[in-house]
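To start, the structure under review is shown below, and the notes come after it.
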Amino acid sequence: MKSHAFAAFSIFGWIALASPAISAIVIVDGDTFDLDGTRIRIDGIDAPEYGQKCGSRDCGVEALEALDNLIHSGPINCQSMGDDGYGRVIGKCVVVGQDIGARLVSDGFAYAFVKYSADYVAEEKQAQSMKTGLWRGDFQKPWEYRAEKWEVAEQEAPD
């Protein structure tokens with residue numbers, strides 16, 4: 001994982017980042033990153049979990065690398081959409097004029113997370129029709145992957 005220096009400030013619910021300065025960004029997975037101790041979850045998308053496989057491909061790493069490349073391509077602005085109940089800020093983020101969520105979904109590195117938002121449904125249909133990213137082969141949706149992992153963990157947990 002890369003760590004780069006960025007400055008952070010907040011105006012009217014926006015977290016604005018500009019390079020270089022005092023804060024560090026660490027990519028956690030394909031839809032989440034840390035900014036100087038604050039975890040930000042990209043609004044409206046769900047990317048494969050780190051370590052998740054899609055057939056023979058390591059799609060969790062592919063998604064993480066796609067987010068990493070976008071985040072480090074220029075100054076980032078994130079609007080806080082609230083808290084997700086897991087200690088993460090839900091952010092609508094833009095880098096170099098591009099909506100990060102839209103880009104990740106249209107490039108096939110994340111799904112439109114329609115359980116919470118319909119913002120990226122068109123981008124997902126485009127990626128699916130072009131067989132881009134996740135749509136190139138076998139895959140399991142991240143929410144199904146997580147549910148399966150929790151089911152296994154519950155079976156293995158002592159009473």
Query raised in the report: Can you hop from Y86 to M81 via hydrophobic side chains spaced under 4.5 Å?
Result: no
Report summary line: The reported gap from CZ in F33 to CD1 in I71 (rounded to nearest 0.5 angstrom) is 4.0 Å
**Report entry** Any residue meeting side chain to side chain contact (heavy atoms under 4.5 Å, CB included) with D83, in chain and number order, not counting sequence neighbours
**Finding:** none
Query raised in the report: Rounded to the nearest 0.5 Å, what separation is found between the NZ atom of K53 and the SG atom of C59?
Result: 8.5 Å
Query raised in the report: Does any pair with a residue in residues 118-137 pass ring pair (Phe, Tyr, Trp, His ring centres under 6.0 Å), and if so which ones, sequence neighbours excluded?
Result: Y111-W135, W135-F139
Query - Shortest non-hydrogen separation from C93 to I42 and the atoms involved - result: SG-CD1, 3.9 Å
Query raised in the report: To the nearest 0.5 Å, what is the distance between CG (D29) and CG (L64)?
Result: 7.0 Å
Report task. Only counting residues at least two apart or in another chain, list the ones meeting side chain to side chain contact (heavy atoms under 4.5 Å, CB included) with R136. Result -> R57, E62
Query raised in the report: For the side chain of E123 and the backbone of A102, is there at least one donor-acceptor N/O pair under 3.5 Å apart?
Result: no
Report task. Identify, with sequence neighbours excluded, every residue that meets salt bridge (Lys or Arg N to Asp or Glu O under 4.0 Å) alongside D34. Result -> R39
Query raised in the report: Out of curiosity, T38 OG1 to R88 CZ, how far, rounded to the nearest 0.5 Å?
Result: 13.5 Å
Requested in this report: Test Y50 against V61 for side chain to side chain contact (heavy atoms under 4.5 Å, CB included), laying out the working first.
Outcome: CA-CA 6 Å; Y50 186 76; V61 169; 3.8 Å; yes
Report summary line: Of all heavy-atom pairs linking P48 and L134, the shortest is CG-CD2, 3.5 Å
Report task. Starting at CD1 of I100, measure out to CG of D31 and round the result to the nearest 0.5 Å. Result -> 11.5 Å
Query raised in the report: If you round to the nearest 0.5 Å, how far is CG of D99 from CG of D119?
Result: 8.0 Å
Query raised in the report: Is the shortest distance from a Lys or Arg side-chain nitrogen in D46 or K115 to a carboxylate oxygen in the other one below 4.0 Å?
Result: no
Requested in this report: Sequence neighbours left out, what passes side chain to side chain contact (heavy atoms under 4.5 Å, CB included) with Q98? Give chain and number order.
Outcome: L70, R103
Query raised in the report: Under the 3.5 angstrom rule, does the side chain of S117 hit a backbone N or O of V114 as a donor-acceptor pair?
Result: no
**Report entry** Any side-chain heavy-atom pair of I76 and C78 under 4.5 Å
**Finding:** yes
Query - Contact summary for I90 and D84, nearest pair of heavy atoms - result: CD1-CB, 3.5 Å
Report task. Would you please name every residue forming a side-chain hydrogen bond (donor to acceptor under 3.5 Å, both in side chains) with S106, sequence neighbours left out? Result -> none
Query - Shortest non-hydrogen contact from G30 toward L104 - result: O-CD1, 3.6 Å
Report task. Please name all residues satisfying side chain to side chain contact (heavy atoms under 4.5 Å, CB included) with T132, sequence neighbours left out, ordered by chain then number. Result -> A127, M130
**Report entry** Backbone of E65 reached by a side-chain donor or acceptor of N69 within 3.5 Å
**Finding:** yes
Requested in this report: Start with the C-alpha distance between Q79 and V94, add both sets of side-chain angles, then the distance that settles side chain to side chain contact (heavy atoms under 4.5 Å, CB included), and finish with yes or no.
Outcome: CA-CA 9 Å; Q79 181 182 17; V94 176; over 6 Å; no
